[in-house]
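Comments concern the structure below.
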Amino acid sequence: MTQNTSAYTSSLLRLLSERGYIHQVTDAEGLDALAAKQIVPGYIGFDATAPSLHIGSLVQIMMLRRLQQTGHKPVVLMGGGTTRIGDPTGRDESRKMLSDQTIEDNIASIRQVFARLLTFGDGPTDAVMVNNHDWLGKLGYIELLQEVGTHFTVNRMLTFDSVKLRLDREQPMTFLEFNYMILQGYDFRHLALHSGVRLQMGGSDQWGNIVNGIELARRKDGQEVFGLTTPLLTTADGAKMGKTAAGAVWLNENALPAWDFWQYWRNVDDRDVGRFLRLFTDLPLDEIARLEALGGSEINAAKVVLANEVTKLVRGADAAAAAEATAAATFAGGGVGQDLPSLACPDGSIALVDALIGLGFAASRGEAKRLIAGGGARVEGQAITDEAHVIMLDAADVRISSGKKKHGVLRPA
RNA sequence: GGACAGGUGGCCGAGUGGUUAAAGGCAGCAGACUGUAAAUCUGCCCGCGCAAGCGUACGCUAGUUCGAAUCUAGCCCUGUCCA
């Protein structure tokens with residue numbers, strides 16, 4: 001779906017299109033015209049199932065940022081109400097329910113990240129955060145059926161991918177989950193009616209849900225609203241973004257240290273560098289084109305830029321600088337950096353096995369031993385293959401490594 | 001409520017009484033090669049233990065058996081069809 005950029009007159013669609021955010025738009029010309037003449041309030045919904053979003057949501061967050069950058073108004077919709085139901089999209093099993101308190105806590109925690117990337121306030125293009133529990137929670141069942149239920153046919157609902165997937169796999173889909181798309185449609189209509197929102201954006205898997213909302217707004221209120229989706233973001237080797245060995249790449253600092261966050265971007269596949277720079281940084285396009293063109297091992301310089309820029313946006317400039325310095329000291333200098341995970345060793349000695357576990361490089365003693373036996377454990381850069389090895393510490397820090405990328409420090413307290 | 005089919009390690013998926021801590025694949029970890037990349041090849045991949053070994057594990061519970069993931073009964077859960 002790559003429209004030619006020059007066809008757009010609004011800076012919003014031009015920017016989104018140039019940087020690779022657009023997969024589908026319901027009415028590109030209509031939206032373009034609207035964005036060219038007025039402030040378009042646009043929203044994206046986010047789940048509140050965890051205390052932090054991960055980088056799978058970063059495209060959406062960045063899209064809200066682009067919206068604001070081009071003079072429009074971002075609306076962050078927290079799914080306080082819909083999280084109580086659970087989005088069946090992309091899931092082949094039901095998800096367990098969360099308590100109200102957990103959901104509220106999650107929303108508060110997630111909010112911190114948005115505050116870094118968007119400017120909140122009361123001005124016409126300031127971002128606002130809303131919670132759909134505020135209106136969904138008030139809806140009675142009968143009321144919901146009357147208001148919304150009459151505009152959805154089961155025939156149509158059954159054709160949605162999220163539903164078909166379950167049915168095809170002969171997995172259960174509860175009636176509760178089946179209602180998710182109705183509520184999401186209701187959100188759009190509600191925001192269009194009460195907050196002047198004209199655009200919903202989201203991942204390509206949200207297309208169906210978005211279209212539902214558009215139809216609902218049109219049928220109930222005669223309101224014309226628009227939808228836009230981003231391409232499904234996978235890494236060059238086809239994996240969904242945001243999952244790594246250790247788990248998800250969380251946006252919140254307390255869920256994932258800045259060092260690990262920075263490292264994720266530093267280790268991105270060569271083929272992803274340009275695309276990620278466009279999506280996840282504010283660097284100008286010609287600068288990105290230059291970085292992307294770097295060949296061979298020079299592309300590593302571009303990866304450092306990517307890691308720095310993204311970390312700066314999400315975690316702050318200090319975090320980015322510290323991570324870069326640590327990387328330089330650790331990988332180029334063969335020393336240790338401040339940001340590496342560390343373990344205090346007050347006793348003056350520690351078994352290598354315990355050090356590996358303490359630093360989080362191994363989950364059990366057996367795993368640590370296997371790592372050592374396989375030649376993957378290093379002390380001060382020297383591979384140690386003796387499982388019973390004990391490290392003696394004097395005054396200085398000792399550098400422990402698992403493989404080539406994971407490094408940590410033992411501090412003699 | 002009835003009939004039938006199922007519930008195996010992070011995921012997929014073999015396995016119908018002992019040689020099964022459970023084939024194979026994916027994911028993951030490490031080694032080699034490199035550029036903290038990809039691809040490829042090699043090793044590892046439940047826990048404790050130096051080890052012999054021990055402990056857990058095939059939906060849950062109770063049985064049959066010298067011995068069960070495999071057989072029996074009850075229960076829970078899921079799917080398909082019927083009411």
Side-chain angles (χ1 to χ4, degrees), chain A residues 88 90-94 96 163-175 177 234-249 259-277 291-308 311 323-337 339-341 351-354 356-357 359-379 381-390 399-408:
Chain A
R91 289 177 188 275
D92 45 19
E93 309 184 351
S94 304
K96 59 171 182 285
V163 177
K164 269 201 298 194
L165 180 77
R166 289 284 184 87
L167 295 178
D168 290 348
R169 304 196 55 174
E170 303 194 342
Q171 293 278 347
M173 168 146 213
T174 65
F175 186 65
E177 295 171 286
T234 54
T235 58
D237 45 11
K240 249 198 192 145
M241 254 198 101
K243 302 280 184 206
T244 66
V249 182
W259 166 246
D260 295 302
F261 186 82
W262 193 91
Q263 280 291 313
Y264 174 82
W265 297 101
R266 173 60 184 81
N267 281 309
V268 136
D269 192 297
D270 284 8
R271 294 166 288 177
D272 289 327
V273 173
R275 195 159 54 105
F276 287 179
L277 281 167
L291 289 168
E292 188 178 21
L294 292 173
S297 62
E298 297 200 330
I299 192 80
N300 283 323
K303 293 186 190 182
V304 171
V305 173
L306 175 66
N308 281 339
T311 307
E324 187 185 13
T326 295
T330 306
F331 289 98
V336 295
D339 255 14
L340 293 181
L352 178 54
V353 168
D354 294 323
L356 290 168
I357 293 173
L359 287 165
F361 296 162
S364 67
R365 297 177 59 78
E367 196 176 311
K369 283 178 198 169
R370 273 180 244 124
L371 177 67
I372 296 168
R378 291 186 178 75
V379 175
Q382 290 292 312
I384 303 289
T385 50
D386 173 16
E387 293 177 0
H389 185 81
V390 174
R399 168 189 158 114
I400 303 291
S401 312
S402 163
K404 300 229 162 61
K405 291 188 216 169
K406 282 185 276 185
H407 304 283

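These numbers were taken from a predicted model, which means no experiment stands behind them. Chain A is the first sequence line, chain B the second, and so forth, proteins listed ahead of strands; every chain is numbered from 1.
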Pairwise C1' distance for B:C58 and B:G10, with rounding to whole Å: 15 Å
Counter-base of B:C4, judged by Watson-Crick or G-U geometry with both distances under 3.5 Å: B:G79
Watson-Crick or G-U counterpart of B:C60, or none if no pair lies under 3.5 Å: B:G74
Sub-4.5 Å side-chain heavy-atom contact between A:Asn308 and A:Trp262: yes
B:A5 versus B:G49 - spacing of their C1' atoms, nearest Å: 44 Å
Within-4.5 Å side-chain heavy-atom neighbours: A:Trp265 and A:Asp272: no
A:Ile299 side chain reached by A:Glu292 side chain, heavy atoms, under 4.5 Å: no
Whole-Å P distance, B:A14 and B:G6: 11 Å
Who pairs with B:G9 - Watson-Crick or G-U, where each distance is under 3.5 Å: none
Interatomic distance where NZ belongs to A:Lys406 and C1' belongs to B:C29 [whole Å]: 6 Å
Separation between the P atoms of B:G7 and B:G59, rounded to whole Å: 8 Å
Validation row: A:Phe361, A:Ser401 side chains within 4.5 angstrom (heavy atoms): no
Interatomic distance at P, B:A3 relative to B:C75, whole Å: 12 Å
Side chain to side chain, A:Leu340 and A:Arg399, heavy atoms closer than 4.5 Å: no
Distance in Å, A:Asp260 CG paired with A:Arg266 CZ, rounded so as to fall on 0.5 Å steps: 15.0 Å
Any A:Asp386 side-chain heavy atom under 4.5 Å of A:Ile372 side chain: no
Check: A:Ser364 and A:Ile357 side chains under 4.5 Å, non-hydrogen atoms: no
Sugar-phosphate only, base, or nothing, as touched by A:Ser402 at under 4.0 Å among non-hydrogen atoms: sugar-phosphate
Nearest-angstrom distance from the residue atom CD1 of A:Ile299 to P of B:A37: 14 Å
A:Ile384 side chain near A:Arg378 side chain, heavy-atom distance below 4.5 Å: no
Which residue lies more 5' along RNA chain B, comparing A:Gly403 with A:Asn267 via nearest heavy atoms: A:Gly403
A:Leu356 side, atom CG; A:Lys406 side, atom NZ - distance, nearest 0.5 Å: 10.0 Å
Spacing between A:Leu306 atom CG and B:U36 atom C1', to the nearest angstrom: 14 Å
A:His407 and A:Phe331 aromatic ring geometry - parallel, tilted or perpendicular at 30°/60° bounds: perpendicular
For atom NZ of A:Lys303 and atom C1' of B:U34, their distance in whole Å: 11 Å
C1'-based separation of B:G17 from B:G13 [nearest Å]: 22 Å
B:G49 pairs with, by Watson-Crick or G-U criteria that keep both distances under 3.5 Å: none
Selection from B:U36, B:A37, B:G35 that lies nearest to any side-chain heavy atom of A:Trp262: B:U36
For B:C29, the Watson-Crick or wobble counterpart (both distances under 3.5 Å): B:G43
Protein-nucleotide distance (A:Phe361, atom CZ; B:C44, atom P), rounded to Å: 24 Å
N/O contacts under 3.5 Å, protein versus nucleotides 48-50 of chain B?
{"residue": "B:C48", "atom": "OP1", "partner": "A:Arg365", "partner atom": "N", "Å": "2.9"}
{"residue": "B:C48", "atom": "OP2", "partner": "A:Gly366", "partner atom": "N", "Å": "3.0"}
{"residue": "B:G49", "atom": "OP1", "partner": "A:Arg365", "partner atom": "NE", "Å": "2.7"}
{"residue": "B:G49", "atom": "OP2", "partner": "A:Arg365", "partner atom": "NE", "Å": "2.7"}
{"residue": "B:C50", "atom": "OP2", "partner": "A:Lys369", "partner atom": "NZ", "Å": "3.0"}

Atom pair distance, as rounded to whole Å: CD1 in A:Ile372 and P in B:C45: 15 Å
Whole-Å C1' distance, B:U56 and B:A22: 14 Å
Whole-Å P distance, B:C11 and B:G28: 15 Å
Sugar-phosphate, base or nothing in reach of A:Asn300, heavy atoms under 4.0 Å: base
Selected nucleotide, minimal atom distance to A:Arg271 side chain, candidates B:G35, B:A38, B:U36: B:A38
Whole-Å distance separating the CG atom of A:Asp270 from the P atom of B:A38: 8 Å
Sugar-phosphate only, base, or nothing, as touched by A:Ala327 at under 4.0 Å among non-hydrogen atoms: base
Polar side-chain atom of A:Lys303 near backbone of A:Val268 as donor-acceptor pair, under 3.5 Å: yes
B:U36 - base-pair partner by Watson-Crick or wobble geometry, distances under 3.5 Å: none
What protein N or O atoms touch nucleotides 52-58 of chain B N or O atoms at under 3.5 angstrom, if any, and at what distances?
none

Side-chain N or O of A:Lys404 closer than 4.0 Å to phosphate OP1/OP2 of B:G35: no
Distance, rounded to the nearest Å, where A:Asp269 contributes CG and B:A38 contributes P: 6 Å
